[in-house]
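Remember, it's 1-based here, ligands and their atoms both numbered in the order they're listed.
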Amino acid sequence: MKLVFLGPPGAGKGTQAKLIAKQRSWAHISTGDMLRAAVKAGTPLGLQAKTIMDRGELIPDDLMCAVVADRLGAADCGQGFILDGFPRTRVQADRLDETLAKLKMTLDRCVYFHIDTEVLVARMTGRLTCRSCGANFHVTAIPPKVAGICDACGGELFQRDDDREETVRNRLQVYQRSTAELIDFYAGKGNLLRVDADGQVEEVAARLAAGLGDS
Ligand code: AP5
């Protein structure tokens with residue numbers, strides 16, 4: 001299946017994408033993860049992205065669309081993919097349609113994770129991310145077995161610079177201003193799947209799987 005995961009920051013898109021992509025052997029394309037990898041590697045994209053991400057603003061559309069178009073052309077996307085965090089603007093959504101048409105691909109569903117704002121703030125300000133493998137934990141909801149250490153690879157856990165409360169609130173405003181209109185955009189195309197993102201990770205995963213069916 002070819003999917004877009006849409007929803008406010010902290011809704012659990014990345015957590016659910018990692019789980020289902022692994023189960024079904026789909027490519028997980030997280031633009032946030034790609035940007036953080038570029039920042040870590042000190043590439044020109046990373047150098048440009050760092051200050052924008054730290055403020056909770058969006059990377060320019062042209063840059064983001066080029067990165068995603070390049071990634072979608074890779075062989076592993078043929079089996080199915082999840083675009084996690086892209087598109088985030090109407091321009092990105094239109095460019096995505098153009099890219100998919102060129103690749104002779106069709107988007108099956110846009111999954112919209114909806115959840116209350118205050119839950120989002122608590123999720124993001126409590127998030128812990130592994131420096132080595134990118135796995136996510138939460139200080140209270142999904143704590144690691146050993147404080148500060150990743151269960152999956154033993155890497156060091158840290159708080160993302162953009163997960164401080166002030167930046168989190170700005171990211172939520174940016175989402176409302178630039179991204180929320182895509183819910184209607186995909187609903188208008190008839191392929192929007194709404195998933196209630198509140199509750200335990202396993203409950204959300206079960207709702208998602210039921211909504212997508214067995215394909
Ligand atoms: P990105 O990394 O995409 O951030 P985001 O969309 O803001 O999403 P998050 O990663 O914060 O949340 P999520 O929904 O994936 O939740 P998660 O599963 O991690 O983007 C970062 C920045 O990059 C942007 O601000 C922008 O600057 C730039 N960028 C990226 N894409 C761009 C684009 N297309 N255009 C322009 N700029 C772009 O979960 C959150 C926390 O909650 C974790 O701690 C997790 O463990 C916990 N959790 C998850 N599920 C549950 C649950 N069910 N119960 C309890 N806790 C849970």
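Annotation: Ala11 places an N or O atom under 3.5 Å from an N or O atom of ligand 1; distance criterion only. Of the polar atoms of Val204, none of the N or O atoms is found under 3.5 Å from an N or O of ligand 1, judged by distance alone. In terms of N/O distances under 3.5 Å, ligand 1 is approached by Gly14. Note: an N/O pair closer than 3.5 Å links Ile59 and ligand 1 by distance alone. Polar contact with ligand 1: present for Gly85 (N/O pair, distance under 3.5 Å). The shortest N or O to N or O distance between Gly199 and ligand 1 is under 3.5 Å. Considering backbone and side-chain atoms alike, Thr15 places an N or O below 3.5 Å from some N or O of ligand 1. Here's the thing with Lys13: one of its N/O atoms is less than 3.5 angstrom from an N/O atom of ligand 1.
The nearest non-hydrogen atom to atom 4 (O) of ligand 1, considering only His138, Glu202, Arg127, Arg160, comes from Arg160.
In this structure, the separation between CZ on Arg160 and OG1 on Thr125 is 12.5 Å, given to the nearest 0.5 Å.
Residue Arg171 approaches ligand 1 through these ligand atoms, each under 4.0 Å from one of its heavy atoms: 4 (O), 5 (P), 7 (O), 9 (P), 11 (O). Of all the atoms in ligand 1, the ones that sit under 4.0 Å from a non-hydrogen atom of Thr31 are 30 (C), 31 (N), 32 (C), 34 (N).
Of the heavy atoms in Phe137, only backbone atoms (N, CA, C, O) come closer than 4.0 Å to ligand 1. Residue-level proximity to ligand 1 for Val201 is carried by backbone and side chain together, each with a heavy atom below 4.0 angstrom.
Tyr112 is linked by a ring-ring contact (aromatic ring centres under 6.0 Å, His included) to His114, counting only residues two or more places apart in sequence or in another chain. Residues meeting the ring-ring contact (aromatic ring centres under 6.0 Å, His included) test with Phe81, sequence neighbours left out: none.
The shell of residues lying under 4.0 angstrom from ligand 1, judged by heavy atoms, excludes Lys18. Proximity of Gln16 to ligand 1 is not established, as no heavy-atom distance is less than 4.0 Å. Using a non-hydrogen distance threshold of 4.0 Å, Gly10 registers as a contact of ligand 1.
Between the side chains of Thr15 and Asn136, no donor N or O sits under 3.5 Å from an acceptor N or O.
For Arg194, the CZ atom counts as loosely surrounded, since its 6.0 Å shell holds 12 or fewer non-hydrogen atoms of other residues, nucleotides or ligands.
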